[in-house]
Amino acid sequence: ARHHGGKMILRIEDTDRTRFVENAQENLIKMLEWAGVEIDEGPSQGGEAGPYVQSERTELYVKYANELLSSGKAYYAFDTAEELDAMRKRLQESKQGDYRYDRANMRNSLTLGEEKTKELIANGEAHVIRMYVPENTDISFKDIIRGDVTIHSSEVDDQILIKSDGFPTYHLANVVDDHFMGITHVIRGEEWLSSTPKHCLLYQAFGWEQPEFAHLPLLLNKNKTKLSKRDGSVAVEEFKEKYLRDAFVNFVALLGWNPSADREIYSMQELIDLFQLDKVNKAGAVFDMQKLDWFQFQYLQKLSPEEMGDILKVELEAQGYPSFDKEWLNKVAYCLRERVHFIAEIPAFAPYFFTDNLEFEDEFMAKHWNEDKKALITPLVDEYRKVSEWKHDPLNAATKAYCEAKGIKMKEIMNPLRLMLTGKSGGASMFGTMELIGKDKCLERMSSFIAQR
RNA sequence: GGCUCCAUCGACUAAUGGAUAGGUCACCACCCUUUCACGGUGGCAGUACGGGUUCGAAUCCCGUUGGAGUCACCA
């Protein structure tokens, strides 16, 4: 929509009252805002075509269902769930693979007649309104992504339009709302492709102009089945907690569509400018977390130290650490940015910045600590004590001078030093790390390590 | 099972009917190096299969195979 200067309208499709979830609407809106989707019209912002919540529009749907009833394009049905089950069982046993509503042999206004129908309704008998699908015709529509699609009417069920609770089904509500809300393009997942003929039939029955259809390829799990909240942890809320917005948007935008051959990183604005519906792929795309993490890393590198510090601060608080100086946190986060994919990993990756209770990696210790190393390093503590400006360059110079005096390579010193000060085999530049840990703590850690090991 | 959609490296993808099928993630090797990374260089790896049309097919057509979606008083 943004590419063509269109509006973003949010419509809440809450016609299934049995699946009503508290706060679902609020969460959905928050999630869309996070993803950078700006809503022009919707339940919160209002607009000419409101209300934007389907459960508040039932009168409209009933009105149009009645219109279909009077033109013979819909009818009442009184069948119970048990009767429908029996029908499907019967059909399954006779003709194979044909479970559609058998309107000629069920209890509906077609078989019962007008009078009996009126009587049943007057008696308060539960009933639905079904669409009358014409016999033996081809229903064709044009899909922007898939080209012409044709489905025979014998494959289309007499879809329920109004349920016995008086609420419409998606099919009716969607067509009526799209018409009155001026929707020009229906862009949705491929799972809707096979029910699109029902919608076409409704547009025809009302005499309304049909919108353009575009059925997007599905997002798939690793096993290539439809990605759903049920079989993977793909709730966008979870991504919202973990990933940078732009990284997530960039990754998802490139699933099923790609503007060029040799570039991966695009801003939201570039995506909007470049997007072309008819260039969208037809085949489903596997949602590859590893590549998402790569995007995350790329976007993490673009953050300012302040922004990294902000995230780190929140993360440390969430993990129950005491508070630290923000400027210092900025520096810590910035110096570790190339070693992690997520700022949230920092407390576990480099705990030595936030606690004095160091844990020493056994393997690293075994490899880089022995009596020789101890003898080599011990005098260095005093050398460091003399360093007045506890910063990367002076520390580097002091260490270099010490190594030259001893006639050894820097390498001999660096690993034991890292071991004593961090306990970890990996991390950022040693002298930069020492600068951030601070002189007092560094000297203390070294002496106590030497005393104990 | 019926119907519909789909098919390029393991994954995401690029390629008016015309170059050695290009790029990215992942993986591997090497380089850089003060650890771990980042980065750099290189490598592995693909047009599902069989026909047809064409001077020429990843591309168009047919078939096969495979995968997915759908078949609710859910959306």
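Atoms considered below: every heavy atom in the structure, side chains included; atoms not considered: hydrogens, waters and symmetry mates. Here is how names work: the chains are called A, B, and so on, in the same order as the sequence lines, proteins then strands, and each is numbered from 1.
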Practice problem: Counting heavy atoms from C-beta on, name the nucleotide in B:A75, B:U35, B:A72 closest to the side chain of A:Asn415. | Solution: B:U35
Practice problem: Check the angle between the aromatic planes of A:Phe449 and A:Trp369 and answer parallel, tilted or perpendicular using the 30° and 60° thresholds. | Solution: perpendicular
Quiz prompt | Closest nucleotide among B:U24, B:C3, B:A7 to the A:Glu155 side chain | solution = B:C3
Practice problem: Taking atom C1' in both B:G43 and B:U24, compute the distance separating them and give it to the nearest angstrom. | Solution: 16 Å
Exercise. Consider the side chain of A:Val286, meaning its heavy atoms from C-beta on, and name the nucleotide among B:A14, B:A11, B:C5 that approaches it most closely.
Key: B:A11
Quiz prompt | Integer-rounded Å distance: B:C12 P and A:Asp288 CG | solution = 8 Å
Quiz prompt | A:Lys279 side-chain N/O to B:A15 phosphate OP1/OP2 under 4.0 Å | solution = yes
Exercise. From the options B:U13, B:C6, B:A75, select the nucleotide whose nearest atom is closest to the side chain of A:Arg146.
Key: B:C6
Exercise. Assign the ring pair A:Phe251 / A:Phe295 to parallel, tilted or perpendicular, where the plane angle (0 to 90°) is split at 30° and 60°.
Key: tilted
Quiz item: Picking from B:C25, B:A68, B:C5, which would you name as closest to the side chain of A:Leu193?
Solution: B:C5
Exercise. Take the protein atom NE2 of A:His368 and the nucleotide atom C1' of B:U35, then report the distance between them rounded to whole Å.
Key: 7 Å
Quiz item: Looking at B:U34, does its base get a donor-acceptor pair with the side chain of A:Lys409 below 3.5 Å?
Solution: no
Practice problem: Check the distance between B:A72's P and A:Asp165's CG and give it to me in whole angstrom. | Solution: 18 Å
Quiz item: Which of parallel (below 30°), tilted (30 to 60°) and perpendicular (above 60°) describes A:Tyr243 and A:Phe342?
Solution: perpendicular
Practice problem: Mind calculating the distance between CE (A:Met87) and C1' (B:A72) to the nearest angstrom? | Solution: 11 Å
Quiz prompt | Cation-aromatic face contact A:Arg453/A:Phe360, 6.0 Å, 45 degrees | solution = yes
Self-check item: Pairwise P distance for B:G66 and B:C74, with rounding to whole Å
Solution: 35 Å
Quiz item: Which value, in whole Å, describes the distance between the P atoms of nucleotides B:C44 and B:G52?
Solution: 33 Å
Quiz item: Under 30°, 30 to 60°, or over 60°: which ring-plane class applies to A:His127 and A:Tyr76, parallel, tilted or perpendicular?
Solution: perpendicular
Quiz item: Expressed in whole Å, how much space separates the C1' atoms belonging to B:G18 and B:G10?
Solution: 31 Å
Quiz item: Rounded to whole angstroms, how far apart are CZ on A:Arg130 and P on B:C73?
Solution: 6 Å
Practice problem: Tell me, please, which residues at least two apart from A:Glu359 pass salt bridge (charged side-chain N to carboxylate O under 4.0 Å, His left out). | Solution: none
Self-check item: Among A:Thr399, A:Asn396, A:Thr422, A:Leu395, side chain to side chain contact (heavy atoms under 4.5 Å, CB included) partner for A:Met430
Solution: A:Thr422
Quiz item: With nearest nucleotides of RNA chain B determined for A:Gly256 and A:Ala283 from heavy-atom distances, which residue corresponds to the more 5′ nucleotide?
Solution: A:Ala283
Quiz item: Between atom NZ in A:Lys224 and atom C1' in B:G10, what is the gap in whole Å?
Solution: 9 Å
Practice problem: Could you give the distance separating B:A7 and B:U47 at their C1' atoms, to the nearest angstrom? | Solution: 10 Å
Exercise. Determine the interatomic distance between P on B:U20 and the same-named atom on B:A58; round to the nearest Å.
Key: 12 Å
Quiz prompt | Base-pairing assignment for B:A29 (Watson-Crick or G-U wobble, both under 3.5 Å) | solution = B:U41
Exercise. Return the set of residues passing salt bridge (charged side-chain N to carboxylate O under 4.0 Å, His left out) with A:Lys291 (not counting sequence neighbours), or none when no residue passes.
Key: A:Glu264
Self-check item: Residue met sooner reading RNA chain B from 5', once A:Asp16 and A:Ile145 are mapped to nucleotides
Solution: A:Ile145
Quiz item: Where the side chain of A:Gln290 is defined as all heavy atoms beyond and including C-beta, which of B:C73, B:A75, B:C25 is the nearest nucleotide?
Solution: B:C25
Practice problem: Report the nucleotide, chosen from B:C12, B:G23, B:A68, that has the shortest atom-to-atom distance to any side-chain atom of A:Glu264. | Solution: B:G23
Practice problem: Taking syn as within 90° of 0 and anti otherwise, name the glycosidic form of B:C38. | Solution: syn
Practice problem: Identify which nucleotide among B:C12, B:U35, B:A7 has an atom closest to any side-chain atom of A:Ala285, counting heavy atoms from C-beta outward. | Solution: B:C12
Quiz item: Considering only the P atoms, how many Å lie between B:C31 and B:G50, rounded to the nearest integer?
Solution: 43 Å
Quiz prompt | Candidate nucleotides B:U34, B:A26, B:U4, ranked by approach to the side chain of A:Phe431 - the nearest | solution = B:U34
Exercise. Give the rounded distance in Å between these two atoms: CE of A:Met131 and C1' of B:C71.
Key: 14 Å
Self-check item: Passing option when A:Arg103 is tested against A:Asp158, A:Asp79, A:Asp157 for salt bridge (Lys or Arg N to Asp or Glu O under 4.0 Å)
Solution: A:Asp158
Practice problem: Find the distance A:Leu220:CG to B:G10:P and express it as a whole number of Å. | Solution: 16 Å
Quiz item: How would you label the contact of A:Asn281 with the nucleic acid (heavy atoms, under 4.0 Å): base, sugar-phosphate, or nothing?
Solution: sugar-phosphate
Write out a two-atom table: protein N or O, nucleotide N or O from nucleotides 36-42 of chain B, distance below 3.5 Å.
| unit_1 | atom_1 | unit_2 | atom_2 | d |
| --- | --- | --- | --- | --- |
| B:C36 | O2 | A:Arg339 | NH1 | 2.6 |
| B:C36 | O2 | A:Gly427 | O | 2.9 |
| B:C36 | N3 | A:Arg339 | NH1 | 2.1 |
| B:A37 | O2' | A:Glu338 | O | 2.3 |
| B:C38 | O2' | A:Glu338 | OE2 | 3.4 |

